[in-house]
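First comes the structure, then the notes that go with it.
Just so you know, ligand 1 is whichever comes first in the structure, and atom 1 is the first atom listed for that ligand.
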Amino acid sequence: MRVLFITIGCLLLLSANQKKIPQRKIIDVHFHARQFSDYAQNLLPNPKTGKVPTWKNDKEIIDVMLATLKSNNVVKAIASGSLITVRNFQMADSGRIIPALDYPDEQNNLLPDTASFIRYFQEKKFSVFGELGLQYEGKTLADPELEPYLAICERMGIPVALHTGMSFPNTTYTCCPKFRTHLGNPLLIEEVLVKHPKMKIQLMHLGFPWLQETKAIMNVYPQVYADIAGIDWLRPLPEFYGYLKSFLDGGFGKRIMYGSDQMAWEDAIPLSIKNIESAPFLTERQKQDIFYNNAAKFYGLK
Ligand SMILES: [Zn+2]
C-alpha cells in the first residue's frame, strides 16, 4: 500500500511538472554585437540596474552575451555590428545569431560599395541592414547616400532596421554633435516608403515618443513593423506600458516585436523580458506574438 501511495504521489508530481508552462521561445530583433575596443575606457554602469560590465576582452563579451541569450531562451537574435564583430558572434553560435550590418558602426567603417554590399549579403555575412543610426549623424533614411542601398534591399528582400525616436540625455553634447531629436520622427521615412513599397522595414524603438506619427505611418503602410527595444527597460514602466498599450488598442499587435537593445549590459535582456511578461494588459497570445510570432513572420524564420 505504501508503495502504491508513493507511486501515485510520483505520478501526481510528474503530471504537475508536465503542466508547468515551458519557458517561451523568444526572438530578440534588436541585439548589439560589440567588441571590447568599441567601449574604449567607457564601461559605464547599466543606467537602470547599476550593474557594471565585468568582461575584459572580446571572448568574454561573446561568452557572457551568448550565455544570457541561451538562459533566457532567446532562440534567435538579430545581432547588429560591424561585419567583423557580427562574424565573431556568429561563429560562436551560428544557430542563434543572425548577422546585421550596423551603419554607422562602432568602428566608423564606411558603407561597403554596392557591389560588395550585394556580395556580403549573398555570402550571408549579413542578413539585415541595420541598425541604421542615421539620426546620430544628423541624417534620415531619405539621405541620398542610402538610396542605392535601399533599392538593393527592396529588390533582394533584405530587411532594413532603422533607429527611430530619441536617445540618452546629453547625446548631442557628448558623442554625437549632429544628433537632433526631430530626425527620429517616423514621418520622415514616408517618401522612402512611397518610393520603395516592397522594402521590409522595422522601426526600432517603436518611434518613441512619436506616438501619433508612428501610428499614422504604421496604419497607412502595413508593411512597416516595429520593435520595442530599449524602451522596454530604459523608460519608466508606466510610461512604456501606456505607450505600448496604445498600439495594442490601435490594432497593431501583429507588427510589434520584442528587442532588448542590449548594448553593454547583458542584464537588459532578462529585465526587458520580465517587463513584457508582467505587463497587465497583455494577453498570452499577444505576448507570444510580440516575443516570437511577429518576428518569425517579418524575418521569414521557421
Ligand atoms: Zn537604436
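H30 lies apart from the Zn ion (ligand 1) in this respect, since none of its N, O or S atoms is found at a distance under 2.8 Å.
In E131, the N, O or S atom that comes nearest to the Zn ion (ligand 1) is OE2. Nearest N/O/S atom of H163 with respect to the Zn ion (ligand 1) is recorded as ND1.
Ring geometry, F179 versus Y136: the interplanar angle falls from 30° to 60°, so the pair is classed tilted. Using a 30° and 60° split on the angle between ring planes, F117 and F126 fall in the tilted class, from 30° to 60°.
In this structure, K200 forms a cation-pi arrangement with F298, its terminal cationic atom sitting closer than 6.0 Å to the ring centre and no more than 45° off the ring axis.
We find that K76 and D28 are not joined by a salt bridge, their nearest charged nitrogen and carboxylate oxygen being 4.0 Å or further apart.
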